[in-house]
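All heavy atoms count here, side chains included; hydrogens, waters and symmetry mates do not.
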Amino acid sequence: MESSCWRKTIHFWAPTFKWGISIANIADFAKPPEKISYPQQIAVTATGLIWSRYSLVITPKNWNLFSVNVAMAGTGLYQLSRKIRHDYFNEEQQPALAEE
C-alpha cells in the first residue's frame, strides 16, 4: 500500500513542478531573440517531445505529464523559431551586410 501511494504522489508532483519550465519559457517570449540560447531551447523542445511520447506508453497514462511536455515542446519550438528568424531571416541586418 505504501509504495502505491508514493507512486501516485510522484506521478502528480513531478509534472506539476515541471510546469515552471514552460511558464518561464512563456515569460521569456518578451526576451530579445538575440538573448535566446539554441542549446537551452533545443533541450526544452527535445525533452518535451520525448516525454510526451513516454507519458502515453506508460500505465497508467499520465495526462498531466503529457500536457506539460506538449507545452514544453511548443514553447521551445516557438523560441527556436524566433531565434532562427532573427539570426537568418532578419531583414534589418541584410542591408547592413550588403553595405560592407
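No more than 12 heavy atoms of other residues, nucleotides or ligands lie within 6.0 Å of OH in Tyr54, so this atom counts as exposed by the packing criterion.
Although no hydrogens or angles enter the test, the distance criterion places a donor-acceptor pair under 3.5 Å between the side chain of Asn69 and the main chain of Leu65. In terms of modelled atom types and a separation under 3.5 Å, the side chain of Arg82 and the main chain of Phe29 share a donor-acceptor contact. Judged by distance alone, with hydrogens and angles left aside, the side-chain atoms of Thr47 form no donor-acceptor pair with the main-chain N or O of Val44 at under 3.5 Å. Proximity of a side-chain donor or acceptor of Thr45 to a complementary backbone N or O of Ile42 within less than 3.5 Å is not detected.
Here the CD-OG distance, from Gln79 to Ser37, works out to 10.5 Å after rounding to the nearest 0.5 Å. The CD1 atom of Ile26 lies 12.0 Å from the CD1 atom of Ile21; values are rounded to the nearest 0.5 Å. The distance from atom CD1 of Ile50 to atom OG of Ser55, rounded to the nearest 0.5 Å, is 12.5 Å. Taking CD1 of Ile58 as the start and CZ of Arg53 as the end, the distance is 11.5 Å to the nearest 0.5 Å.
Under the 4.5 Å side-chain contact rule for hydrophobic residues, Val57 and Met72 do not share a cluster. Ile36 and Ile84 end up in different hydrophobic clusters when Ile, Leu, Val, Met, Phe, Trp and Tyr side chains are linked at under 4.5 Å. Taken together through direct or relayed side-chain contacts under 4.5 Å among Ile, Leu, Val, Met, Phe, Trp and Tyr, Phe17 and Ile23 form parts of separate hydrophobic clusters.
Lys61 is not listed as a side-chain neighbour of Phe66, based on a closest heavy-atom distance of 4.5 Å or more. Residues Trp51 and Val68 form no side-chain contact, since every pair of their non-hydrogen atoms from C-beta on lies 4.5 Å or further apart.
The two residues His86 and Glu34 come nearest to each other via the heavy atoms NE2-OE1, 3.3 Å.
Tested against Asn25, the residues Gln40, Lys31, Gln41 include a single side chain to side chain donor-acceptor pair (under 3.5 Å) partner, Gln41.
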